[in-house]
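We number each residue from 1, following the sequence as shown.
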Amino acid sequence: MSAVANRIHTARLGLVVGKRVFPDAHDRNRARRVLRETFRKRRAQLPSVDLVVQVISNDVSNWALKAAFDALLDCLQEDSG
């Protein structure tokens, strides 16, 4: 995950989920859906940053993907607060 401060007073999310990681489109869409939903629920507590998340492993379930992203967002909140 990369984070850069922005001036629009809200967090924004960019996702990179490539074909090499998830060859099937439904798996790529599932990963994006889980990440977007997790981000949407935590957006109000996040600082004003632009986030870019790149998925680099395909050995993840929905729960593991959400847990890993939550941990990254927790680190981001601790650094800003």
(request) Assess whether side chain to side chain contact (heavy atoms under 4.5 Å, CB included) is satisfied between D27 and V21, documenting all intermediate values. (result) CA-CA 9 Å; D27 290 329; V21 176; over 6 Å; no
Donor-acceptor under 3.5 Å ([X] side chain, [Y] main chain):
X   : Y   : result
D50 : V4  : no
D74 : E78 : no
R12 : V49 : no
D24 : H26 : no

Closest approach of [X] to [Y] (non-hydrogen atoms, all atoms of both residues):
X   : Y   : result
N62 : R30 : OD1-NH1, 2.6 Å
A3  : L76 : CB-CD1, 4.1 Å
R28 : P23 : NH1-O, 3.1 Å
P47 : A11 : O-CB, 3.6 Å

(message) Under 4.0 Å between a side-chain nitrogen and a carboxylate oxygen: does that hold for K66 and D70?
(response) yes
Compare all side-chain heavy atoms of [X] with those of [Y] and state whether any distance is below 4.5 angstrom.
X   : Y   : answer
V34 : F69 : no
V55 : V16 : no
M1  : V52 : no

(message) Working to the nearest 0.5 angstrom, can you tell me the gap between L72 CG and L51 CG?
(response) 9.5 Å
(request) Kindly compute the distance separating CG (L13) from CG (L73), expressed to the nearest 0.5 Å. (result) 8.5 Å
(request) Give the C-alpha distance, both sets of side-chain angles, the deciding distance and a yes or no for side chain to side chain contact (heavy atoms under 4.5 Å, CB included) between F22 and N29. (result) CA-CA 9 Å; F22 289 111; N29 292 336; over 6 Å; no
(message) I'd like to know whether CD1 of I8 has more than 12 heavy-atom contacts from other residues, nucleotides or ligands below 6.0 angstrom.
(response) yes
(message) Could you work out, with side-chain contact (heavy atoms from CB on, under 4.5 Å) as the rule, every residue matching K41, not counting sequence neighbours?
(response) E37
